[in-house]
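So that the names make sense, note that chain A is the first sequence line, chain B the second, and so on, each numbered from 1.
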2 protein chains.
Amino acid sequence: MLKTITSEEIDCLALGAWILGTGGGGNPEPGRLIMQNLYKEGTRVQLIDPDTIRDDASIATVASQGAPLVSQERFKDPKVIARSVELLARHLEIQFSCLMALEVGGSNAFYPLMAAAELGLPVVDADWMGRAYPELQMAGMCLSDIPPFPLVSVDPRGFETVITNATDWKRLEDISRKICSAYGSTASICLPPATGKQMKNNAVPRTLSFAIEIGATVKLANSRKESPIEALLALTGGTLLFQGKVTDVERRPSEGFLRGSLTITGSSDFTHQNLQIEFQNEWLLARSDEAPVAMSPDLICLLDEVTGEAIGTEAARYGQRVCVVVMPPPDIFCTTAGLALVGPRAFGFPLDYSSAFST
Amino acid sequence: MLKTITSEEIDCLALGAWILGTGGGGNPEPGRLIMQNLYKEGTRVQLIDPDTIRDDASIATVASQGAPLVSQERFKDPKVIARSVELLARHLEIQFSCLMALEVGGSNAFYPLMAAAELGLPVVDADWMGRAYPELQMAGMCLSDIPPFPLVSVDPRGFETVITNATDWKRLEDISRKICSAYGSTASICLPPATGKQMKNNAVPRTLSFAIEIGATVKLANSRKESPIEALLALTGGTLLFQGKVTDVERRPSEGFLRGSLTITGSSDFTHQNLQIEFQNEWLLARSDEAPVAMSPDLICLLDEVTGEAIGTEAARYGQRVCVVVMPPPDIFCTTAGLALVGPRAFGFPLDYSSAFST
């Protein structure tokens with residue numbers, strides 16, 4: 001089933017994707033601007049329901065890789081993203097029938113849309129993560145039988161590299177990350193191709209339409225002077241973990257990631273408490289009085305308490321009035337294999353996963 | 001003209017290539033051992049004179065890339081080197097008719113021989129540098145009209161990456177170096193293909209047979225209890241720059257290179273003098289009482305004063321009795337374009353090139 005994405009939905013997608021980014025994935029604003037400009041020129045992009053994709057269809061997954069702040073300085077060119085897809089198609093001697101996002105969270109939600117604008121292919125309403133994560137192997141799709149190669153990495157100056165063989169997804173991540181750093185810390189990548197069947201078994205379904213719905217819900221509540229946070233909780237089945245004022249942020253760039261810790265001092269129902277959130281690009285672990293209260297793969301979202309808009313790990317600062325909302329994780333991450341990829345231990349926290357939703 | 005390399009010539013090549021390595025390029029001993037083992041099993045490798053190569057022949061250039069000390073821990077497998085050639089041939093849909101070395105200096109002299117043992121192709125008696133240099137763009141061949149791509153990088157675990165487009169040789173070096181570092185700081189690379197014509201115009205000719213001749217000359221002098229240093233000077237047109245005892249070595253790994261400075265206190269005709277040699281993998285600039293007396297692209301060779309064998313920048317140490325021999329550089333490096341690649345300024349020394357041989 002094909003559905004044309006409207007100009008209003010593009011705005012909603014930016015808002016919702018930033019919330020699903022859980023602090024990371026980069027601000028979707030540049031992607032939104034690029035798509036709105038293309039829409040003004042008459043371009044339209046279509047979303048296709050994952051269930052209607054043929055099992056033997058070839059799907060190209062595109063993403064921006066690198067430091068989010070560099071990506072915001074070097075706007076992405078849809079032609080460059082399309083080039084990564086064309087190069088992979090030529091290398092494999094196949095034709096892709098649709099495009100997919102690596103991560104719906106943050107700026108990468110717009111990546112398949114920009115490629116679609118150039119290539120005229122529809123975008124599958126699904127992604128590899130259902131949120132954002134810092135490394136490409138942290139994805140439900142990496143638990144499928146897709147071989148961890150080939151991967152194409154390109155940049156606007158004409159650089160093109162194809163990783164034609166790698167032993168596992170983590171190594172593919174490592175090699176592609178180094179190539180990206182040689183390009184100047186930002187690259188457009190086209191990931192190993194997925195079949196329709198692999199996508200249906202391992203992708204997180206309907207995440208783009210979910211992000212659009214989240215954005216629409218927050219916007220509607222704001223326009224009605226209602227609480228966007230309450231509307232978001234009602235839509236997503238999320239829970240309000242904390243409310244208060246940001247009183248400390250400690251950030252350290254480390255191994256190509258933005259790591260650190262955020263402290264919020266409670267207000268409203270949370271007076272006399274503090275919440276601490278550890279992050280590595282994304283918000284990963286929340287503690288109250290040293291006790292863990294939410295952790296990956298649960299989605300920990302830091303939102304402006306008035307507008308309900310997301311605040312990224314790079315933008316959080318002293319004095320912001322915030323709500324911390326936790327949303328249930330994609331099912332595929334709650335398996336043993338999924339938790340090995342994205343559970344607290346995958347990020348160096350010596351904890352077993354305990355969901356804010358399982359009790 | 002094809003000539004079979006003998007087992008004795010393999011030993012001579014190791015000795016001569018290490019001298020032409022001017023301190024860098026890695027110790028050829030592991031390559032020598034691998035080739036002697038293959039020779040014991042009956043393998044023979046053929047050397048082909050560059051003038052007899054057809055203009056339209058396709059030549060594959062192979063090399064080991066990475067930290068020399070890692071390469072000595074992880075011995076190279078001829079099958080892996082051959083895989084880099086096969087992968088490039090498949091990518092380009094061409095057949096290579098012969099193999100060539102990137103650098104005759106150091107361990108890389110053996111790289112095309114190892115590939116040849118596996119692939120049954122002859123090795124061109126020529127290389128890109130006529131010595132060793134730390135980066136792949138520091139080569140006469142990079143002044144030809146060869147496009148700076150594609151380059152294949154492989155490793156024994158099965159990793160394969162193809163850089164299918166780069167804007168210049170320095171960028172190709174940068175990207176391939178990062179891939180190498182993701183592999184664990186050692187990789188087998190197959191460089192962009194050269195035609196016979198490009199090789200004849202820009203390679204340094206007959207460098208493998210020159211290295212063999214150097215090794216044979218040093219061995220013969222030693223067996224006759226004559227001075228190997230004097231024999232070497234007579235053969236190469238080199239000059240004895242200095243003789244003395246190593247009294248200080250300062251080494252610092254920096255940006256993936258081994259940088260530093262060596263001090264020699266004079267003996268024999270050089271009493272009451274000191275010589276200082278700056279290095280970046282290779283010996284690059286010699287100064288006596290602050291005044292430059294030899295510099296790249298002149299070949300500055302640190303040799304054991306008794307045996308005439310080369311001493312690498314990683315192996316020089318206090319107390320060694322040494323001779324410093326300077327040999328004339330390949331003509332192609334003495335052009336304006338050549339000096340831009342490998343003159344003193346290319347290594348950060350604010351000096352115009354002045355040859356030890358031009359006065």
- Item | Asn165(B) CG to Thr161(A) OG1 distance, which is reported to the nearest 0.5 Å |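 Between atom CG of Asn165(B) and atom OG1 of Thr161(A) there are 8.5 Å.
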- Task: Enter the distance from Thr164(A):OG1 to Leu87(B):CG here, rounded to the nearest 0.5 Å.
- Result: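 Here the interatomic distance stands at 5.0 Å.
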- Looking at Asp174(A), Val154(A), Ile163(A), Val162(A), which one has more heavy-atom pairs under 4.5 Å with chain B than the rest?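 Heavy-atom pairs under 4.5 Å are most numerous for Val162(A).
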- Heavy-atom pairs under 4.5 Å with chain B are the metric here; pick the option from Glu160(A), His91(A), Arg157(A) that has the most.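 Among Glu160(A), His91(A), Arg157(A), the one with the most close pairs to chain B is Glu160(A).
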- Message: For Lys170(B), is the NZ atom crowded, meaning more than 12 foreign heavy atoms sit under 6.0 Å from it?
- Response: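 Count over threshold, so yes.
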- Task: Go through the atoms of Tyr183(A) and report whether side chain, backbone, both or neither lie under 4.5 Å from a heavy atom of chain B.
- Result: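 Answer is side chain: those atoms of Tyr183(A) sit under 4.5 Å from chain B.
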- Heavy-atom pair with the smallest gap, counting every atom of Lys178(B) and Ser181(A):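 Smallest heavy-atom distance, with atoms named: NZ-OG, 3.0 Å.
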- Task: Return the minimal non-hydrogen interatomic distance between Phe159(A) and Ile175(B), and the atom names on each side.
- Result: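 Here Phe159(A) and Ile175(B) meet closest at CD2-CD1, 3.7 Å.
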